[in-house]
Structure formats: structure tokens, C-alpha cells
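To start, the structure itself, in C-alpha cells.
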Amino acid sequence: MNNIAINYRPHIPNSTKRYENPNFRSQSPRLVNLQLLKKCTHLIEFKQIHTQIIKNPTDQPDYFLPKLVESLVNSTHMDYAYQVFKQMLQPTTFVFNTMVRGYALSGVYKDGIQFYIQMQLTGLEADNFTYPFLLKACTDLNQGKGVHSLILKSRGLGSDVYSQTSLVSFYSSHGDLEYARKVFDRIQEKNVVSWTAMITGYVKLKEYTEGLALFYRMQIEGAEINESTLVNVLCACANLGAFEMGKWIHGYIDKNKIFLNSSLATALVDMYAKCGYIRKASQLFDELPQRSVYTWNTIIGGLALHGCGVEALERFKEMQMSGGARPDAITFIGVLSACTHSGMVDKGKEYFNSMLTDYGIEPNIKHYGCLVDLLGRAGQLDEAYQVVQNMPFKPNAVLWGTLLNACNAHANVELAETVMEQLVKLEPYNDGNYVLMSNIYAAKSQWDNVANLRSFMKNKGILKTPGCTSIEVDNVIHEFMVGDSTHPQSKDIYSMLDDVARRLKAVNYLPKTTQVLLDVSEEEKRQALCHHSEKLAIAFGLISTKPKTSIRLMKNLRACGDCHLATKLISKIYDREIIVRDRNRFHHFKDGVCSCNDYW
DNA sequence: TTAGGGTTAG
């Protein structure tokens with residue numbers, strides 16, 4: 001940035017070209033007023049007003065120039081705002097604040113901070129507006145901490161709720177939740193924005209349980225709750241799969257007649273979809289009076305997650321027909337993942353190729369990830385590998401992981417080993433990759449390699465994450481670990497498991513013992529599989545819910561091959577729909593088949 | 001003139 005001149009140098013802009021704006025015609029050409037300023041959007045309109053202010057001495061430049069700067073900043077004409085600023089004899093704190101805000105919002109952070117420094121040099125004192133703007137111009141933790149100490153030192157502003165809340169947002173958006181919470185706890189008179197800022201901090205950093213805990217406290221303390229609060233709480237519910245809480249929020253919205261704005265509607269649709277209620281999500285979506293690109297993306301992505309690919313593509317067509325929202329890069333993540341999760345390989349390729357040509361959207365690494373998944377699923381492993389090698393991005397762990405998954409599905413040891421070389425470098429402690437590789441070796445009966453991999457993991461201290469499945473029955477979440485016997489109804493659960501095992505045997509079910517990473521006998525492997533957390537949760541679901549009702553589960557890992565096979569059979573034997581949310585997607589088991597068509 | 005909000009690849 002140039003040095004900021006604060007001497008008054010009259011400047012009449014060159015606006016020789018006449019521009020006819022209908023808003024201007026009815027106004028007297030000499031009259032400058034705020035109404036007129038508010039209607040300006042184009043630079044030439046601002047220039048005309050600027051000329052009038054300078055030419056007409058009765059129009060009080062001291063009053064109108066700051067307002068002109070403000071309007072220019074609001075219209076993101078920063079260069080011209082700076083030109084006007086330079087003409088001011090004594091810029092006020094308001095003008096400096098406005099310039100700091102403008103540069104921060106337009107991403108020219110350094111200039112924002114520079115303006116604050118310049119303000120101090122001119123001897124002006126910061127006011128309660130200064131620090132929230134200045135914090136927006138801070139790009140790293142140290143800068144923010146510097147502003148924090150300035151706030152503490154400033155007269156009277158140490159307890160200003162705006163500055164304090166800005167600090168909460170700053171710290172949490174820079175990953176320091178501990179500091180954010182310290183500031184939050186010290187806010188004397190917390191309002192709905194300060195509470196929401198802290199909850200948002202937790203949610204953004206995936207500390208969903210903490211976010212919900214704070215929401216409970218907020219209610220106990222009788223704080224006001226508004227749409228923004230609920231959006232964040234719903235986001236936590238969606239990601240935790242906390243359906244009862246999410247449903248309660250929906251009831252709260254209805255009961256308190258809270259306006260379902262676009263953000264809140266999106267969060268609600270997303271909550272239903274991520275909690276496994278895709279029909280409810282779709283129905284709610286249909287009832288919405290307005291849909292933004294976010295709402296469309298949520299329903300398309302939600303349908304994709306549930307393997308409802310055809311329906312997702314129908315929604316995509318509907319989105320385009322409606323003309324209300326333009327598809328963006330995220331829409332295509334949903335569209336491509338719909339094709340992947342439903343096995344529509346050719347359609348997926350078509351959509352990928354149409355992104356740039358028909359929609360002007362450059363595919364990013366996530367779109368390439370979807371393409372690799374799509375090709376991998378179809379068994380086109382060489383082509384998938386070619387994409388990884390030739391795409392315009394350096395492949396990350398997700399991309400290699402996608403390819404490893406494809407190698408597992410199509411038992412390709414050779415490529416899997418090449419992929420693993422990369423994954424060991426990028427994610428040396430991700431146990432899931434080693435487990436997948438072990439399964440690939442096991443599928444080819446390469447037991448030596450399985451053993452080598454196991455000792456490699458042991459030497460590196462890499463432990464397999466224990467499987468954990470939860471099920472919600474009558475508003476209580478029951479959590480099961482592998483081999484768990486701590487549940488109060490454990491005896492009944494294991495009796496039910498015996499019944500399940502007997503009936504599975506009767507339909508010639510053979511446990512997939514190759515997927516067990518233990519150095520034990522076949523019988524012990526069978527037992528281990530039988531006691532996987534998913535099966536324990538299903539057995540509990542069978543004994544604690546009414547016949548023919550759906551059973552809903554959530555897992556911390558991907559579905560294991562043996563549990564997947566067993567769950568398909570159980571859905572048929574016991575005539576139950578079983579809906580499982582695993583780490584990546586939903587599986588709807590019904591009548592012996594799964595919505596994922598055995599690829600996940 | 002200030003603080004908080006929705007969707008995204010294994």
C-alpha cells in the first residue's frame with residue numbers, strides 16, 4: 001500500500017463519459033443526498049456524486065465524504081475509496097474504521113492493518129467499532145493476540161461485548177478453542193451472538209458434543225436463541241447422528257414459529273439426511289418456499305449418501321429447470337458421488353466432462369476423487385490410476401485411499417502395493433489403510449504378506465481402531481464396542497446372537513474369516529466376527545424394538561465385509577429394514593440386499 | 001459503521 005496522505009488535495013474525477021442512470025434523472029444535479037448514495041453501485045455513479053460534493057461548497061464535504069467512503073467500501077470499490085480518503089483533511093475514526101473493514105472484507109488484510117497503524121499515528125483513538133474490524137484483518141494467531149492485548153489495554157473496551165465476541169470468533173476460527181473459551185467465559189453480559197459464536201467455534205472444529213453441551217447450558221441460563229444458534233446446533237446433530245435432538249430442534253422451530261430462512265432450512269434438511277431419514281429430508285425440501293444453491297446441494301448430496309443416485313440426478317435436473325440456483329462446484333460433488341454410490345459410471349464420466357464445457361466449473365481435487373472412485377468401482381483400475389497420475393493436482397491421502405479401496409474391491413494386489421507406498425508416507429498412522437491392505441492380501445491367500453503387515457503395524461505401534469456401533473432406542477443411545485459385555489441386557493443380547501448365528505447357518509452363511517487381523521484359530525476368528533459391535537447392536541435392536549420396525553445404527557468405521565454380508569441376511573431372515581450409517585455413507589439393508597450394491 | 005449461520009471426494 002502507498003503511504004496514506006492525509007492532506008486535503010481537491011480532486012475532480014474525470015468523468016467525461018455521460019452515464020444515464022434512471023435513479024439520477026429525477027434528482028436535482030446539484031443535490032447530493034444519502035438516498036442517492038445508497039442507490040449507487042457502479043463506479044461512475046460514485047464519481048458523479050464525488051464531483052458534485054467537491055463542486056458544490058454547500059454540500060458539506062466533511063459530512064458527505066465519509067459517507068461516500070462508506071458506500072464505496074460497501075460496494076467493494078476499495079481503490080476509489082482510497083482516492084477519496086486521500087482528499088480528506090482530517091479523517092475521523094469512523095473513516096479509518098471503514099477503510100480497515102473494507103480491506104479486511106476484500107482480503108487485503110495487510111492494508112487493513114496498515115490503516116489501523118496509520119490511525120494511531122494520526123493520534124486518533126480506537127473506538128468500539130475498531131477492534132472487530134481489525135480482528136477481521138488479522139491472518140494469524142499472533143496478530144490476533146496482539147489485538148487482544150490492545151483491547152485489554154484500551155479504556156473501557158476490555159469489556160465491550162462486540163470486541164469480546166470478535167475475539168471468540170477469531171480464536172476459534174484460528175483453531176484455538178481453549179483461548180476462545182477463556183474469552184467467552186469472561187464475557188460479563190453474554191448475548192445470543194456471543195453464545196452462538198462459541199457454539200459455532202466448536203462445530204467448525206468438529207467438537208460437536210462440546211457444541212451441544214454449550215447449547216444445553218445456554219438454555220439453562222435462559223439465553224435468547226435465534227436462527228443462527230439453531231443452524232449450528234443442527235449441524236452438530238447431523239454430524240453426530242443425534243436424531244432425537246435434531247427432531248426436538250425442529251419441534252422448537254415450529255412451536256416458537258421461528259422463520260425457516262434458507263440457512264436454517266438447509267441445516268434441517270441436512271440433519272434429516274445425515275441422521276438416516278432421507279425421505280423426511282426430501283419431503284421437507286419439497287415443502288420449502290425457496291431453495292438456495294446450498295439447499296439444492298444438501299438434498300442432492302444427501303440422496304447420493306443414501307445411494308439414491310437416480311433421484312439425486314432428477315433433483316439436479318429439477319434444480320436447473322427451476323432456474324433459481326446455478327449449480328456450483330459443490331453441486332457436482334453431489335452429482336458425481338450420486339453416480340459413484342449408485343454405480344452409474346458412464347453418466348458420472350459425462351457429468352465430469354460437462355463441468356467445464358457446459359457449466360464453466362473447473363474440477364477440483366474432490367471432483368477428481370469422485371472420478372477415481374467412479375472408475376475404481378467399475379474395475380477400471382488402470383484408468384483410475386492414470387487419472388491420479390495425470391490430474392493437475394498432487395494426489396493426497398484421500399485420493400490414494402480411494403484407489404486402495406478400489407484395489408480391495410477388485411483384489412488387485414500389485415496396484416494396491418504401489419498405492420500403499422504413497423499412503424505409508426502420507427498417513428503413516430492410519431490403521432484403516434493397513435487393514436484394507438491386509439484384506440487385499442488375504443483375499444489372494446498371501447498369508448505371509450498378511451503376517452508381515454501385522455508385524456509392521458506392531459513395530460510401529462499402530463493399533464487397529466476398535467469398532468464401535470451405536471443404536472438409539474426410546475431416546476437412549478446404546479453404544480457397543482467389539483466383544484462388549486457391559487450392557488445391562490448383555491445376557492439377552494448374546495442369547496439373541498446365538499439365535500442369529502443358528503438362523504444364519506441355516507441359510508448357509510459362511511463367516512468371512514479372512515478379514516480378521518488376529519493370529520488365532522479359525523474358530524476363534526469366527527467368534528471374533530460374531531461379536532463385532534455391529535452385530536451386537538443389531539441383536540440389541542432385534543430384542544428391544546417391535547417386529548418389522550426399522551433398526552438404525554451408526555458405526556465409527558467402514559462396514560466390514562462379514563458384517564455387511566450378515567446384515568443383508570438378517571434383514572431377510574428377521575424381516576427388518578436395517579439402516580446403517582458407516583464412516584462414509586448409508587447402507588439400507590432390506591430383503592437380503594443392500595442399497596450400496598455391495599460396493600462401499 | 002461493530003460480533004455469530006447452511007452444502008463438499010476414501
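Please read these numbers as outputs of a predicted model, since none were measured by experiment. Protein chains get the first letters and strands the later ones, always in sequence-line order, with residue 1 at the start of each.
Residue A/S169 places its side chain closer to B/dA3 than to any other of B/dG10, B/dA9, B/dA3. Considering only the side chain of A/F94, B/dT1 comes nearest among B/dG4, B/dG5, B/dT1. Each of B/dG4, B/dA9, B/dT7 was ranked by its minimum atom distance to the side chain of A/T229; first place goes to B/dG4. Here the nucleotide nearest the side chain of A/E227, chosen from B/dG5, B/dT8, B/dT1, is B/dG5. With distances taken from any side-chain atom of A/R101 to the nucleotides B/dT1, B/dG5, B/dT7, the minimum falls on B/dT1. Here the nucleotide nearest the side chain of A/V398, chosen from B/dA3, B/dG10, B/dT7, is B/dG10. The A/K366 side chain lies nearest to B/dA9 when the options are B/dG5, B/dA9, B/dT1. Side-chain proximity of A/S263 to B/dT7, B/dA3, B/dG5: nearest is B/dG5. The side chain of A/E427 lies closest to B/dG10 when the candidates are B/dG10, B/dT1, B/dT7. Side-chain atoms of A/I365 lie closest to B/dA9 of the nucleotides B/dG5, B/dA9, B/dA3.
Atom CG of A/L135 is separated from atom P of B/dG4 by 10 Å (rounded to the nearest Å). Going from atom OH of A/Y434 over to atom P of B/dG10 covers 21 Å, rounded to whole Å. Here the P atom of nucleotide B/dA3 and the OH atom of A/Y162 are 8 Å apart, to the nearest Å. The interatomic distance linking A/I333 (CD1) with B/dG10 (P) rounds to 10 Å, in whole Å. For the pair A/I151 CD1 and B/dT2 P, the interatomic distance rounds to 17 Å; values are reported in whole Å. If you measure from atom CG of A/N430 to atom C1' of B/dG10, you get 9 Å, rounded to the nearest angstrom. A/R585 places its CZ atom 13 Å from the C1' atom of B/dG10, with the value rounded to the nearest Å. Atom CZ in A/F133 sits about 5 Å away from atom C1' in B/dT1, given to the nearest Å.
In this structure, A/F46 and A/H77 have perpendicular ring planes: the angle between them is above 60°, well past the 30° mark.
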Stepwise side-chain hydrogen bond (donor to acceptor under 3.5 Å, both in side chains) check, A/D431 with A/T465: CA-CA 7 Å; A/D431 59 300; A/T465 309; 3.1 Å; yes
Stepwise side-chain hydrogen bond (donor to acceptor under 3.5 Å, both in side chains) check, A/E427 with A/N433: CA-CA 8 Å; A/E427 289 184 330; A/N433 295 332; 2.9 Å; yes
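Taking only side-chain nitrogens and oxygens, A/K190 never comes nearer than 4.0 Å to OP1 or OP2 of B/dG4. For the pair A/K274 and B/dT8, the criterion of a side-chain N or O lying under 4.0 Å from OP1 or OP2 is met.
At the heavy-atom level, A/A397 lies under 4.0 Å from base atoms of the strands shown. Residue A/N364 is out of contact with every strand shown, counting any heavy-atom pair closer than 4.0 Å. Residue contacts shown for A/N191 include a base, since a base heavy atom lies under 4.0 Å away. Nucleic acid contact class of A/T130 (heavy atoms, under 4.0 Å, all strands): none. Contact annotation for A/V192: base contact, defined as any heavy-atom pair under 4.0 Å involving a base atom. At a threshold of 4.0 angstrom between heavy atoms, the contacts of A/N433 include nucleobase atoms, whether or not backbone atoms are also involved. Counting any heavy atom pair closer than 4.0 Å across all strands shown, A/D582 reaches no nucleic acid atom. Contacts of A/N261 with the nucleic acid, taken as non-hydrogen atoms under 4.0 Å apart, include base atoms. Contacts of A/N97 with the nucleic acid, taken as non-hydrogen atoms under 4.0 Å apart, include base atoms.
Evaluation of atom-type donor-acceptor distances gives no pair under 3.5 Å for the side chain of A/N232 against the base of B/dG4. One N or O donor and one acceptor, one from the side chain of A/T165 and one from the base of B/dA3, sit under 3.5 Å apart. For A/N226 against B/dG5, a side-chain-to-base donor-acceptor contact under 3.5 Å is absent. Not a single donor-acceptor pair, N or O on each side, falls under 3.5 Å between the base of B/dA3 and the side chain of A/N128.
A cation-pi geometry, defined here as NZ or CZ lying under 6.0 Å from the six-membered ring centre and within 45° of its normal, holds between A/K145 and A/Y179. A cation-pi contact, defined as under 6.0 Å to the ring centre and within 45° of the axis, is absent between A/K136 and A/F133.
A stacking contact between A/Y294 and B/dT7 is absent: the pair does not combine a ring-centre distance of less than 5.5 Å to the base's six-membered ring with planes differing by less than 30°.
For A/Q219, the CD atom sits in a packed shell: over 12 heavy atoms of surrounding residues, nucleotides or ligands are nearer than 6.0 Å.
When each of A/I199, A/V193, A/V192 is paired with A/T196, the side chain to side chain contact (heavy atoms under 4.5 Å, CB included) condition holds for A/V192 and for no other.
Between A/Y171 and A/L141, some side-chain heavy-atom pair lies under the 4.5 Å cut-off.
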